[in-house]
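All remarks here apply to the structure that follows.
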Amino acid sequence: ALHTAQQEKNSEDYQEVYNAIATKMREEKDFDNNNGYGPVLVRLSWHVSGTWDKRDNSGGSFGGTYRFKKEMNDPLSRGLQNGFKFLESIDKQFPWLSHGDLFTLGGVTAIQEMQGPKIPWRSGRVDEPESMVPDNGRLPEPHYGADYVRSYYERFNFTDQEVVALLGAHVLGKAHLKNSGYDGPWDDESNIFSNAFYDNLLKLKWTPEINDAGNKQYDNKEKGYMMLPTDYALFQDPKYLKYVKAYANDQDLFFKDFTKVYTKLIENGIEFPKENKPHLFKTLKEQGK
Ligand code: HEM
Ligand SMILES: Nc1c([N+](=O)[O-])cnc2ccccc12
């Protein structure tokens, strides 16, 4: 059954939540070697949405079920508990906000505060009980190539262009060996949202290496950057490569296309009545804060 999201508060109320998250991000910017909480908040908003299955409309961001340990402890989500802990104080400060709205608003706030595009965000997700937690195993694994990535995103009806645009979020943050068995990049520039992921993929030399967890990843020693096999697949596959080139050459196009597919991702399975209008948030900077 489709979920219907009714808007219960107006934009000023959600801007207040945005500001609380953004302020806390500023206060705790030394987290994870000065990457701050932005990247893990973006990954959390994707993981809570990536469990959606179009066949029975199970999973997805609506019910906020990530708060239950079965979903939180999915081995493919290791490390996201840091994002959940970060949002706990926000959850307490705004008890009227549902967990689905909290997790997705966390990602939107993080993207905007890391100089990314403006993401029009719609509210009204409603908490669902533990019985609605989707099974583990719905999130993608990093070990495989283009065929795997393409068939994985079939479940969302995403086109090749949408998949490439969405994966540009891997400009943010890093892989941590103890979380995923992948490691790097080893630089501190990975908390600015830009089209650099595509640029790096195209322009740098990538050497396949077996890392300390025995997994193959693609490294660029000069810059200390890395790519997962699923990242590198976008370079190897000619159909994906076309869009990698487009986004490497045009950051505005990337921002526009990322905004569209990320919004699709966090709203999958939810019906928003037309009176439930998207909220457009100002960054702290735009508010002179
Ligand atoms: C083929 C699909 C994908 C795979 C296999 C994948 C895999 C991974 C892996 C293995 C990590 C490292 C986790 C760690 O070791 O801490 C990671 C990090 C990350 N992923 Fe993905 N991912 C995918 C798609 C996405 C999407 C669609 C988004 C957002 C729109 C996203 C956002 C992120 C971010 C921001 C990080 C950095 C997190 C941090 O710094 O803690 N990923 N991903
Ligand atoms: N920063 C990253 C890059 N990168 O090119 O900077 C590539 N892939 C990644 C995969 C997971 C997490 C971070 C990544």
Side-chain angles (χ1 to χ4, degrees), residues 31-50 52 74-84 86 104 106-108 110-111 114 116-117 119 138-153 155-156 158 162-204 206 211 213 215 217-220 223-235 240 244 248 257-266 268:
F31 171 70
D32 198 19
N33 295 2
N34 298 309
N35 265 335
Y37 277 93
V40 75
L41 288 174
V42 173
R43 187 171 193 231
L44 178 58
S45 70
W46 132 243
H47 271 221
V48 304
S49 308
W52 183 66
D74 183 333
L76 285 168
S77 291
R78 214 168 286 132
L80 290 185
Q81 293 86 346
N82 294 315
F84 180 76
F86 173 96
T104 53
V108 169
I111 290 164
M114 291 188 283
I119 312 277
R138 293 182 179 208
L139 295 166
E141 296 192 273
H143 318 296
Y144 312 114
D147 295 345
Y148 170 82
V149 174
R150 190 167 277 115
S151 61
Y152 174 81
Y153 279 107
R155 212 174 75 216
F156 302 80
F158 285 168
E162 287 175 316
V163 168
V164 175
L166 192 60
L167 266 167
H170 274 178
V171 66
L172 299 171
K174 58 177 70 159
H176 311 78
L177 207 71
K178 65 188 179 333
N179 288 349
S180 61
Y182 288 85
D183 205 36
W186 308 274
D187 71 323
D188 56 8
E189 255 316 289
S190 34
N191 56 11
I192 307 288
F193 197 94
S194 75
N195 66 341
F197 171 78
Y198 307 102
D199 236 23
N200 296 338
L201 201 48
L202 283 183
K203 299 202 172 110
L204 300 179
W206 297 101
N211 67 26
N215 293 316
Q217 61 181 62
Y218 295 83
D219 293 342
N220 174 279
K223 293 258 187 174
Y225 291 160
M226 61 76 74
M227 291 284 171
L228 302 169
T230 45
D231 295 324
Y232 196 65
L234 304 185
F235 178 71
Y240 283 148
V244 172
D257 288 355
F258 177 83
T259 301
K260 273 194 285 199
V261 65
Y262 177 74
T263 303
K264 246 181 168 178
L265 174 75
I266 64 175
N268 268 332

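Because the structure is a prediction, the values reported are computed rather than measured. For ligands, and for the atoms within them, numbers begin at 1 and follow the listed sequence. Hydrogens, waters and symmetry mates are skipped; everything else that's a heavy atom, side chains included, is used.
- Counting heavy atoms under 4.0 Å from ligand 1, residue Y153 touches it through the side chain alone.
- Ring orientation note: the planes of Y152 and F156 are tilted relative to one another, at an angle of 30° to 60°.
- For F193 and F258, the distance between ring centers is under 6.0 angstrom.
- The ligand atoms of ligand 2 that sit less than 4.0 angstrom from a heavy atom of P185 are 1 (N), 2 (C), 6 (O).
- Ranking protein heavy atoms by distance to atom 5 (O) of ligand 2, first place goes to M227 CE, 3.2 Å.
- Of all atoms in ligand 1, listed by their number and element, those nearer than 4.0 Å to a heavy atom of L166 are 27 (C), 30 (C).
- Atom 4 (N) of ligand 2 has as its closest protein heavy atom H170 O, 3.5 Å.
- Closest to atom 8 (C) of ligand 1 among all protein heavy atoms lies L228 CD1, 3.7 Å.
- The line from NZ of K260 to CG of L166 is 13.5 Å long, rounded to the nearest 0.5 Å.
- In this structure, Y144 and V149 have side chains that are not in contact, with every pair of non-hydrogen atoms separated by 4.5 Å or more.
- The heavy atom nearest to atom 35 (C) of ligand 1, out of those in G181, P39, G79, is found in P39.
- Taken to the nearest 0.5 Å, the CE atom of M227 stands 8.5 Å off from the CG atom of L234.
- The closest heavy-atom contact to atom 24 (C) of ligand 1, among the options L167, D231, N33, comes from L167.
- The shortest heavy-atom distance from N35 to ligand 1 is not under 4.0 Å.
- A donor-acceptor pair under 3.5 Å is absent between the side-chain atoms of W206 and the main chain of Y225, judged by distance alone.
- Interface atoms of ligand 2 facing L172, defined by a heavy-atom separation under 4.0 Å, are 1 (N), 13 (C).
- Against a heavy-atom cut-off of under 4.0 Å, E141 is close to the following atoms of ligand 1: 5 (C).
- Contact record, N268 with F158: ND2-CZ, 4.2 Å, taken as the closest heavy-atom pair.
- Nearest protein heavy-atom contact of atom 10 (C) of ligand 1 is S180 CB, 3.6 Å.
- Ring pair Y37/F31 is parallel by interplanar angle, where below 30° counts as parallel and above 60° as perpendicular.
- Contact annotation: for L201 versus ligand 2, there are no heavy atoms closer than 4.0 Å.
- No donor-acceptor pair closer than 3.5 Å links the side chain of R43 to the backbone N or O of G173.
- Checking only distances, S190 never comes within under 3.5 Å of ligand 2, N or O to N or O.
- A pairwise comparison of heavy atoms in S45 and Y262 identifies OG-OH, 2.7 Å as the closest pair.
- No other N/O/S atom of H170 lies as close to atom 21 (Fe) of ligand 1 as NE2 does.
- In terms of protein heavy-atom proximity, atom 34 (C) of ligand 1 is closest to R43 CB, 3.8 Å.
- Of the protein's heavy atoms, M226 O, 3.1 Å lies nearest to atom 7 (C) of ligand 2.
- Nearest approach of D231 to L167, heavy atoms of both residues: OD1-CD2, 4.4 Å.
- Looking from atom 12 (C) of ligand 2 to the surrounding protein, the closest heavy atom is K174 C, 3.8 Å.
- Protein heavy atom closest to atom 30 (C) of ligand 1, with residue, atom name and distance, is A169 CB, 3.5 Å.
- Given atom 28 (C) of ligand 1, the protein heavy atom at minimum distance is W46 CD1, 3.4 Å.
- Considering backbone and side-chain N/O atoms, Y182 never comes within less than 3.5 Å of an N/O atom of ligand 1.
- Near P142, meaning under 4.0 Å from any of its heavy atoms, are these atoms of ligand 1: 5 (C), 10 (C).
- Between P185 and M226 the shortest heavy-atom distance is N-CG, 3.5 Å.
- Considering backbone and side-chain atoms alike, G184 places every N or O at 3.5 Å or more from each N or O of ligand 2.
- Residue N179 has at least one heavy-atom neighbour below 4.0 Å for each of these atoms of ligand 1: 14 (C), 15 (O), 16 (O).
- Numbered from 1 in the order shown, with element, the atoms of ligand 1 that lie under 4.0 Å from a heavy atom of A175 read 12 (C), 14 (C), 15 (O).
- Scanning the protein heavy atoms around atom 37 (C) of ligand 1, the nearest turns out to be L172 O, 3.6 Å.
- D32 and H176 are linked by a side-chain donor-acceptor pair at a separation below 3.5 angstrom, with hydrogens and angles left out of the test.
- With values rounded to the nearest 0.5 angstrom, N200 atom CG is found 9.5 Å from N195 atom CG.
- Side-chain atoms of N215 come within 3.5 Å of backbone atoms of G181 as a donor-acceptor pair (strictly under, hydrogens ignored).
- Scanning the protein heavy atoms around atom 3 (C) of ligand 1, the nearest turns out to be P140 CG, 3.7 Å.
- Nearest heavy-atom pair across V164 and Y198 is O-OH, 2.7 Å.
- Residue D231 places at least one N or O, backbone or side chain, under 3.5 Å from an N or O of ligand 2.
- Among protein heavy atoms, atom 41 (O) of ligand 1 sits closest to H176 CE1, 3.4 Å.
- Of all the atoms in ligand 1, the ones that sit under 4.0 Å from a non-hydrogen atom of T230 are 5 (C).
- Exactly one residue among Y182, Y232, Y148 makes a ring-ring contact (aromatic ring centres under 6.0 Å, His included) with H143. That residue is Y182.
- Between V42 and A110 the shortest heavy-atom distance is CG2-CB, 3.8 Å.
- Below 3.5 Å of separation, one finds an N or O of K174 facing an N or O of ligand 1.
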